[in-house]
Amino acid sequence: KSEKKTFQIGFAQCTMNDNWRKTMVEGMESELTFHNNIGMTIANANSNSTKQIAQIQQFIEDKVDLIIVTPNEAKPLTAIIEKAFDAGIPVVIVDRKTTSEKYTAFVGADNQLIGQNAGIYANIILKGQGTIFEVGEGAKTSPTIDRHQGFLKVINKNPQLKLLKSLFSARQPQYLQEEIRSFLSQHPKVDLIYAHNDRLAHAIANVCKSLGLNKKIIGVDGLYGANQGIDLVSKGIISATILYPTGGEEAIKTAVKILNKQPFEKENQLFTTIINAENVGIMLAQYQKIKEQQDDIKRQASKIKELTRIFSTQQNTLYLTIIF
Ligand code: FRU
């Protein structure tokens, strides 16, 4: 445990290699600047469930005060998360789920709802008729399972909507890209592609472009920034994205309440919505505003740090003046 900190959080992050995860960690770190007494150690599992199990085991042995975890895959991670919970360590699950109720709190959007929203929007842009290709990462992760089921629930109500293929992979998107290319070459007439995240959606748009195809693409995540979901929608590269907030700030807020023995909610469902050409302008403007405010907060924080430093040197000088 760190010397100065009252509480130590162990954060078991399933992967760190994309902007969505980086945004999550940024949100956590910015929230933690309000809590100097809390330290956080991050363990990156690189999308490997065995590795993540060992990392959580280490957190248990280290007797951290709280574990935040984005379970890489639902089933394989369930037992170790139950073990931490049974050992009396509060566990905040973020984004992905396990198959158990044994956790202290959950923070994340409802991925079934995300899938349903994608289905509703697919039905709208296809005007109730057409063929669909679905692509997702990590077949055993809870978002993939839920986003698929939610989508099916909606499109199965309309027999005119045909899901030609669902392609899932535990491998990195660049491998998936070959399978995407081969499917699209064989089915150039497919009307719409439902991608489980905007990284995939963007990769699919590039494959379509290289094949000379112009397809409707729906993504998920809706991050702000160059070449992220909102940007892709505003440039017309994809038709829509379903907002999937990272929950970084909310995860820390919940953890802080738990550590301070304050009341908290077990289920913290984050907001989701469909972002398309009609509302993307509003989203862009709002994110721009948030970005400016975040920059102001950062500036204020560094000003406070500087003032604290000046104050403590002045105190030292004063002290030395009194002594000599
Ligand atoms: C980032 C990510 C997101 C996706 C989420 C699902 O690592 O793949 O794109 O929405 O994880 O857990």
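Heavy atoms only: backbone and side chains are in, while hydrogens, waters and symmetry mates are out. Start at 1 and go down the list; that is how both ligands and their atoms are numbered.
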Point to revise | Step-by-step side chain to side chain donor-acceptor pair (under 3.5 Å) determination, T78 to T99 | key: CA-CA 6 Å; T78 298; T99 58; 3.1 Å; yes

Review point. Who pairs with D231 by salt bridge (charged side-chain N to carboxylate O under 4.0 Å, His left out), at least two apart in sequence or on another chain?
Key: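 Residues passing salt bridge (charged side-chain N to carboxylate O under 4.0 Å, His left out) with D231: K235.
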
**Study point:** Close-range residues for ligand 1, whose non-hydrogen atoms fall below the 4.0 Å threshold
**Key:**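 Protein residues near ligand 1 are T15, D18, W20, R21, D95, R96, E137, P143, R147, N197, R199, D221, Y244.
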
Check your understanding: Going by atom types alone, do N17 and N46 pair a side-chain donor with an acceptor below 3.5 Å?
Key ->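 The criterion, which ignores hydrogens and geometry beyond distance, is satisfied for N46 and N17.
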
Exercise for review: Sequence neighbours left out, what pairs pass salt bridge (Lys or Arg N to Asp or Glu O under 4.0 Å) with at least one residue falling in residues 200-223?
Suggested key: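 Applying salt bridge (Lys or Arg N to Asp or Glu O under 4.0 Å) to every pair that reaches into residues 200-223, excluding sequence neighbours, yields nothing.
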
Review point. Which hydrophobic side chains are connected to F34, either touching it within the sub-4.5 Å cutoff or through other members that do?
Key: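 Grouped by the 4.5 Å side-chain rule, I297 form the rest of the cluster around F34.
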
Point to revise | Lys/Arg-Asp/Glu bridge criterion (N-O < 4.0 Å) met for K253, E250 | key: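 Looking at K253 and E250, the cut-off is not met.
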
